[in-house]
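I have placed the structure first, in the form of structure tokens, so that the comments after it can refer back to it.
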Amino acid sequence: MIRETEIDDELLRYRSEFPILEGTTYLISNSLGAMPRGVYGAMKAYADTWATRGVRAWEERWWMLAAEVGAEIGALMNATEGAVSAHPNVTTCQAVVASCFDFSAKRNKVVYTDLNFPSVMYFWEAQRAHGARVHMVPTENGVAVPTERLLDAIDETTLLVPVSHVIFRSSHIQDAKAIIEKAHRVGAYVVLDTFQSLGNVPVDVQALNVDFACGGVLKWLCGGPGVGYLYVRPDLGKNLEPKFTGWFAHQNPFRFEIGPIRYTDPPFRFMNGTTSIPALEAARPGLKIIAEVGIQRIREKSKKQTARLIELADQHGWMVNSPRDPEQRGGTVSIDMPNSQEVCRELLKREILVDWRPKAGVRMSPHFYNTDRELEVAIGAVEEILEDLVTAGR
Ligand SMILES: Cc1ncc(COP(=O)(O)O)c(C=O)c1O
């Protein structure tokens, strides 16, 4: 239901593009963005192409698709043409970056905070076997790590700093600019994980002068699972040689040469094997809508709606595990009310889609398609669930 006060909210006209909004209160775009209606058509077109064009589809459409989708993602982060390659997920992007470097040399320190997404940390921990010295800066409050503490850990022996732009647990926006400047002062490179920012918080890879940026399309970009992206700064991209490579990165893949690879230019230079065509096709309708809506408008609305959620949580005295300063807060508000895990389970039963994470609580993530009323519905339901639990003596 759209309220009178929201009639001015132009972004609500996109609601009809997302079928799931008809039957649920969808506040979980930090985990999986709602599917745009256009994906039905994209998947049908994909099947028709496969069915009718068969192997000719590679030449006619599929071979270039990863580069085209990369360019669409790149446009959202002000990347130059050809700087973004497509991959199945962020962990693979980390592996491609790692494979460009030598960890047996003196400069082999990898610095990040323990608020990174765990998959990224599992990957880097495993690189100790190749000589990487992992230095993890711990958080004290579970929300953020003070920038100075992270900067102090970045020294002349640091090779890479793979950090999240927006922390998945708390939605804290890290000071990417300061991190990148410090890394560059000591000769290190930053791999910025923009999974929880791009599509919700503005990202400008050129203004940041970041070396690498990666993420996926399935959350704030409404692009579905199976597509990750990797931006490589163009001057680095020309020369780096990923050892995790394959025939898509070859100058002339169809010569099927024997022996070492001859690298082509980016973006294919950073790819390896056959790309995930159905996932790339499914990603496009969401990317198109996000580009049309515009990240600045999404951000303005998100700041207002997350502030409203914090206000409602405060009225009930619930613990808020996300930054209160809107400039430091991404699109999620983590609320740790009593029995928060059980509350989350009950919310799901009522078709209010949110999630729960240890040390965070219930994560609520409005996106451009949510109404203010939905925030109140969700908080009202929490109130009722807590009352029921009290009545039941739990
Ligand atoms: C910040 C961040 N990085 C990475 C991931 C996921 O990594 P992958 O694409 O390798 O599954 C997530 C969440 O799914 C995330 O929130």
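Indexing begins at 1, ligand by ligand and atom by atom, following the structure's order. Atoms considered below: every heavy atom in the structure, side chains included; atoms not considered: hydrogens, waters and symmetry mates. Just so you know, these numbers come straight off a predicted model, no measurement behind them.
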For atom 16 (O) of ligand 1, what's the nearest protein heavy atom and its distance?
Q196 NE2, 3.0 Å
List the closest protein heavy-atom neighbour of atom 7 (O) of ligand 1: residue, atom name, distance to the nearest 0.1 Å.
V90 CB, 3.7 Å
In the protein, what heavy atom is nearest to atom 10 (O) of ligand 1, and what distance, to one decimal place, separates them?
T91 OG1, 2.5 Å
For F168, take its heavy atoms, then give the atoms of ligand 1 lying under 4.0 Å from any of them.
16 (O)
Could you go through N321 and S170, starting from their C-alpha distance and side-chain angles, then the distance that decides it, and tell me whether this counts as side chain to side chain contact (heavy atoms under 4.5 Å, CB included)?
CA-CA 6 Å; N321 285 323; S170 63; 5.5 Å; no
Under-4.0 Å salt bridge between R297 and E300
no
Considering only the protein, which heavy-atom contact is closest to atom 6 (C) of ligand 1, and what is its distance?
F117 CE2, 3.5 Å
In the protein, which heavy atom is nearest to atom 13 (C) of ligand 1, and how far is it?
K219 NZ, 3.0 Å
Indicate the ring-plane relationship of W63 and F248, choosing parallel, tilted or perpendicular according to the 30° and 60° boundaries.
parallel
Is any side-chain N of the basic residue among R56 and E59 closer than 4.0 Å to the acidic one's carboxylate O?
no
Determine whether the side chain, the backbone, both or neither of D193 has a heavy atom under 4.0 Å from any heavy atom of ligand 1.
side chain
Cationic N near anionic O, under 4.0 Å, R133 to E125
no
Would you call R61-E281 a salt bridge at under 4.0 Å N-O?
yes
For atom 11 (O) of ligand 1, what is the nearest protein heavy atom, given as residue, atom name and distance?
N89 CB, 4.2 Å
Is there at least one pair of N or O atoms, one from F195 and one from ligand 1, spaced under 3.5 Å apart?
no
Under 4.0 Å between a side-chain nitrogen and a carboxylate oxygen: does that hold for R149 and E140?
yes
